[in-house]
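Heads up: the structure comes next, in structure tokens.
Nothing here was measured: the structure is a model prediction, and the numbers come from that model. Chain letters run A, B, ... following the sequence lines, proteins first and then strands; every chain starts at 1.
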Amino acid sequence: MAKIVLPDGKVIEAQDGITAGEVALKIGAGLAKAAVAAKIGGKLIDLDTPIAGEVKLAIITLKDKEGMEILRHSSAHVMAEAIKALWPEAKLVYGPTVQDGYYYDIDLDTPIKPDDFARIEGKMAEIAKADKPIKRIEMSRADALKRVEGDRYKTDNVNRALGDVMSFYTHGDGFEDLCRGPHVSSTGKIGAFKIMSVAGAYWHGDAKEKMLQRVYGTAWPTQKDLDSYLNMLEEAKKRDHRILGKQLDLFSFHEEGPGFAFFHPKGMVIWNSVIDFWRKVHRKYGYQEIKTPIMLNESLWHKSGHWDNYKENMYFTTVDEITYAVKPMNCPGGLLVYKSRPHSYKEFPMRVAELGLVHRYEASGVMHGLVRVRQFTQDDAHIFCTPQQIEAEVVGVINLVFEIYKAFGFGDFTIEVSTKPEKHIGSDEIWDIATNALKGALEHKGLQYKINEGDGAFYGPKIDFHIRDCLNRPWQLGTIQLDFSMPQRFELTYTDKDNTEKTPVMLHRAILGSLERFIGILIEHFGGNMPLWLAPEQMRVMTISEKTNEYANGLYKKLFDAGMRVGIDLTDEKVNGKIVRAHADRLPYMVVVGPKEAETNSVNVRIRGLNQSKTLGVDEFVAIVKSKVENQDLGLEL
RNA sequence: GCCAACGUAGCUCAACGGUAGAGCUCUGGUUUUGUAAACCAGGGGUUAUCGGUUCGAAUCCGAUCGUUGGCUCCA
């Protein structure tokens, strides 16, 4: 007798051997129809899995995250079958689900082209329409190895798989694939799907290995869900900083300097607003600021270790037979400043910031708008302190990160700790101490974080702050990196209480990361609708007709003199047209004036995105705007 | 760097072997307007670059440069 305990505590008794699907049917016909799989004590199983004894069972439907993953995973299998049907020589490698979809890595010498997608989808539709049962076959590891003999990829997958029982799934018709499962019960249940793209991907993610073809697909319960997903992607594209940057005339790129951003006047307003705020907060947190040259003698980079560890990413130039390296990082220059005079423990912690322009040669295929460039400005800082001060300093930097991100309305970022990479300098012991100090600070703040094993910089472990762009791709902004190595290489010293010379600890940190990337993310975060304190043009005076030009000009001057970033539209366009244009330029405030306003010395202000306006006195309006800008207020309400 | 795709006017796109077009922007004119586009006219392109095939190339082929989506790498 099977005793099945459901999530709500209800108990169903049945014959041993009853399947999960049959249990669902006992609970209700609706649930049975919606069921895609089941879960026994945390383990996902197929609906046709027999159940015996006392178990806790939950039916998984498409309302569950796991249900959607199963749907997508099954869709990936159907896609694999379709690809095998179209290209019999194709070898299947690995086909997991990803956010909103799945991919399958295929080893096939014929390139799969976007033109082929319709054929693949057509074949998939055929397979789905045939509604073939998807069956699980289990066997021992040894039998599984025999079954995949001669297929290097599947053999590799078996060898990497955990557990003793290997499973294959078959749709009949000779198609089968090694897979942990579970899957939907038949090929007709894979919902609405679409092939999205194809791209190269190295086997095992190793650039030395063969490049496979990675075919991306997406799958949803219904066509309507699929359509709304595709629509969402279209909407997300409109928030893309590369599109908005062009549309709003913020920045541009040119063939003459790939990866080098050109900031236009409006983009510079955002840039300067960000760094004005940045300086204000850094002053509060006890930072000093320096500036060091972008090019320094090659010998410095031998000393710093960059030559050995980072040379392939650096630019070099030779003048008068002396080779200079264009700096990829600011630290060596900062260390020369430190060494320019003796230091006492009394100065510590010494927080030295630098908005440093660095150049890094990046592979051509990785550049991406403002968020991945070859020249960028880091909001760098180096903190020199004693080992005892490390944790408090890291906590201080974390506080600063939170204060700055908050002003931009960034709440949704993730924190990662990266540990010792293969290519590194410094002893294991030093790495342990440094890594533990970083973790300790995060735990002290009660923050969740993820560990990235072996992902640290060559000179020390780090904490990174990541945020996602409009298409949900993660990008790193802030970073806190401990460095016990550089101070030794540069023989940095300070005089301690006991009058002995000691080596200080050094912390590298950036909050915004790179100004370029940060501004790119900022544009996407706001979808181009910058808050008042960042908006290139905060308001535009627009007249009803030229009868009010004189008042409008006077008003413009008054607003300009009050420090507003104001524009004026005196064209003989109708006011409707002026409003449309102002919205296209994402102006926070549209200051409409006609005879009425001229008579009462007032302004009628329409707020971006709202279909209403408000009349108020000029001085009152200026006071509100000033206060919002000073406080980095993200709202526009008057 | 690797795989695939794409480069047409300042912008968004059309033309897909037979004289390169439209809308917006821009310029001039008319209009004098009350909250998401008034009207008319005009200007603007060696179709990324270089080479090839062809009577004829934006269109077909090759190379180079750039961009896009991934992979690897990274702020």
Revision key, fill the gap. With the side chain defined as heavy atoms from C-beta on, A/R581 is closest, among B/U25, B/G70, B/A36, to B/U25
Review point. Taking the P atom of each, how far is B/U27 from B/G44, in whole Å?
Key: 15 Å
**Study point:** Interatomic distance at P, B/A38 relative to B/G17, whole Å
**Key:** 41 Å
**Study point:** Touch class at under 4.0 angstrom, heavy-atom based, for A/K547 against every strand present
**Key:** sugar-phosphate
**Study point:** B/A9 versus B/A14 - spacing of their P atoms, nearest Å
**Key:** 12 Å
Check your understanding: When all nucleic acid strands are considered with a 4.0 Å heavy-atom cut-off, which category describes A/Q247: base, sugar-phosphate, or nothing?
Key -> nothing
Revision key, fill the gap. A/E573 has its side chain closest, among B/C11, B/C71, B/A38, to B/A38
Exercise for review: State whether A/D156 and A/R160 are salt-bridged, where the test is any N-O pair (Lys NZ or Arg NE/NH1/NH2 against Asp/Glu carboxylate O) under 4.0 Å.
Suggested key: yes
Exercise for review: Tell me what A/K113 touches on the nucleic acid: a base, only sugar-phosphate, or nothing, going by heavy atoms under 4.0 Å.
Suggested key: sugar-phosphate
Review point. Between A/K420 and A/E453, is the closest basic N to carboxylate O distance under 4.0 Å?
Key: no
Check your understanding: Counting side-chain heavy atoms from CB outward, which of B/U31, B/U35, B/A4 is closest to A/P111?
Key -> B/A4
Practice item. Would you classify A/R517 as touching base, sugar-phosphate or nothing, given that sugar-phosphate means primed atoms plus P, OP1 and OP2, and contacts are heavy atoms under 4.0 Å? Key: base
Check your understanding: A/G200 near the nucleic acid: base, sugar-phosphate alone, or nothing, with a heavy-atom cut-off under 4.0 Å?
Key -> base
Study note, to complete from the structure: Any strand, both distances under 3.5 Å, Watson-Crick or G-U wobble: B/C2 pairs with B/G70
Check your understanding: A/L570 has an atom CG; how far is it from atom P of B/U33, in whole Å?
Key -> 16 Å
Check your understanding: With a non-hydrogen cut-off below 4.0 angstrom, is A/A207 in contact with a base, only sugar-phosphate, or nothing?
Key -> sugar-phosphate
**Study point:** Same-atom distance (P) from B/U59 to B/C6, integer angstrom
**Key:** 13 Å
Review point. In Watson-Crick or G-U wobble terms, both distances under 3.5 Å, what is the partner of B/U30?
Key: B/A38
Practice item. Give A/V373 one of three labels, base, sugar-phosphate or nothing, depending on what nucleic acid heavy atoms sit under 4.0 Å from its own. Key: base
Check your understanding: Got a salt bridge between A/E235 and A/K238, using NZ or NE/NH1/NH2 to carboxylate O under 4.0 Å?
Key -> yes
Exercise for review: Tell whether A/R214 reaches the base of B/C71 with its side chain through a donor-acceptor pair below 3.5 angstrom.
Suggested key: no
**Study point:** Below 4.0 Å: OP1/OP2 of B/A36 and any side-chain N or O of A/N611
**Key:** yes
**Study point:** Interatomic distance where CD belongs to A/Q213 and P belongs to B/A5 [whole Å]
**Key:** 10 Å
Review point. Touch check for A/V575, heavy atoms < 4.0 angstrom, all strands: base, sugar-phosphate only, or nothing?
Key: sugar-phosphate
Check your understanding: Between A/E289 and A/R279, is there a salt bridge with N-O shorter than 4.0 Å?
Key -> yes
Check your understanding: Among B/U35, B/G34, B/A75, which is the nearest nucleotide to the side chain of A/R606?
Key -> B/U35
Review point. Nearest-Å distance, CZ (A/F117) to C1' (B/G70)?
Key: 11 Å
Check your understanding: With both distances kept under 3.5 Å, what pairs with B/U12, Watson-Crick or G-U wobble?
Key -> B/A22
Check your understanding: Would you say the side-chain atoms of A/H241 pair up with the backbone N or O of A/L370, donor to acceptor, closer than 3.5 Å?
Key -> yes
Review point. Does A/D585 come within less than 4.0 Å of A/R540, counting only side-chain N to carboxylate O?
Key: yes
**Study point:** Residues from residues 539-546 of chain A lying under 4.0 Å of RNA chain B - heavy atoms
**Key:** A/I544, A/S545, A/E546
Exercise for review: Report which part of the nucleic acid A/K208 touches: base, sugar-phosphate, or nothing (heavy-atom distance under 4.0 Å, all strands).
Suggested key: nothing
Review point. A/A363 side chain: which of B/A75, B/C11, B/G1 is closest?
Key: B/G1
Can you pull every protein N or O that's under 3.5 Å from an N or O on nucleotides 62-68 of chain B?
from	atom 1	to	atom 2	distance (Å)
B/C65	O2'	A/E255	OE1	3.3
B/U68	OP1	A/R242	NH1	3.1
B/U68	O3'	A/R242	NH1	3.3

Review point. Does A/D249 pair with A/K266 as a salt bridge, N-O distance under 4.0 Å?
Key: no
Check your understanding: Between A/K237 and A/E234, is there a side-chain N and carboxylate O pair less than 4.0 Å apart?
Key -> yes
**Study point:** A/Y310/A/Y361 aromatic ring centres below 6.0 Å
**Key:** no
Exercise for review: Could you let me know what B/U47 is paired to, Watson-Crick or G-U wobble, both distances under 3.5 Å, or none if it's on its own?
Suggested key: none
Check your understanding: Donor-acceptor pair under 3.5 Å: do we get one between A/Y202's side chain and the base of B/G1?
Key -> yes
**Study point:** Length of the line joining A/D464:CG and B/A75:P, which is rounded to integer Å
**Key:** 7 Å
Point to revise | Strand partner of B/U59, provided both Watson-Crick or wobble distances fall under 3.5 Å | key: none
Practice item. Under 4.0 Å between any heavy atoms, over every strand shown, what does A/E597 touch: base, sugar-phosphate, or nothing? Just pick one. Key: base
Exercise for review: Taking atom C1' in both B/A58 and B/G43, compute the distance separating them and give it to the nearest angstrom.
Suggested key: 23 Å
**Study point:** Check ion pair A/E573-A/R581 (N to O, under 4.0 angstrom)
**Key:** yes
Exercise for review: Output yes when A/E637 and A/R608 qualify as a salt bridge under the 4.0 Å nitrogen-oxygen rule, no when they do not.
Suggested key: no
Check your understanding: Touch check for A/A199, heavy atoms < 4.0 angstrom, all strands: base, sugar-phosphate only, or nothing?
Key -> base
Practice item. State whether the side chain of A/Q213 and the backbone N or O of A/V198 hold a donor-acceptor pair below 3.5 Å, judged by distance alone. Key: no
Exercise for review: Answer with base, sugar-phosphate or nothing: what part of the nucleic acid does A/Y103 contact at a heavy-atom distance below 4.0 Å?
Suggested key: nothing
Practice item. Would you indicate what A/L477 reaches in the nucleic acid, counting non-hydrogen atoms under 4.0 angstrom: base, sugar-phosphate, or nothing? Key: sugar-phosphate
Review point. Which one, B/G70, B/A36, B/U72, comes nearest to the side chain of A/V366?
Key: B/U72
Review point. Taking OP1 and OP2 of B/A36, is either one under 4.0 Å from a side-chain nitrogen or oxygen of A/R608?
Key: no
Check your understanding: Can we say A/D116 and A/K113 salt-bridge, meaning some charged N sits less than 4.0 Å from an Asp/Glu carboxylate O?
Key -> no
**Study point:** Centroid distance under 5.5 Å and plane angle under 30°, A/F376 vs B/A75
**Key:** yes
Exercise for review: Let me know the distance between CG of A/N313 and P of B/C73, rounded to the nearest Å.
Suggested key: 12 Å
Check your understanding: Taking the same atom, P, in B/U68 and in B/U35, what whole-Å distance lies between them?
Key -> 42 Å
Review point. Which one, B/A75, B/C71, B/A36, comes nearest to the side chain of A/N576?
Key: B/A36
Review point. Which value, in whole Å, describes the distance between the P atoms of nucleotides B/C16 and B/G21?
Key: 13 Å
Point to revise | A/I106 CD1 - B/C71 C1' separation (whole Å) | key: 16 Å
Check your understanding: What integer number of Å spans the C1' atoms of B/U53 and B/G1?
Key -> 32 Å
Review point. Atom CE of A/M211 to atom C1' of B/C3: distance rounded to whole Å?
Key: 5 Å
Review point. Which of these passes side chain to side chain donor-acceptor pair (under 3.5 Å) with A/D464: A/Q476, A/Q481, A/K450?
Key: A/Q476
Check your understanding: Which whole-number value in Å describes the distance from A/D249 CG to B/C11 P?
Key -> 11 Å
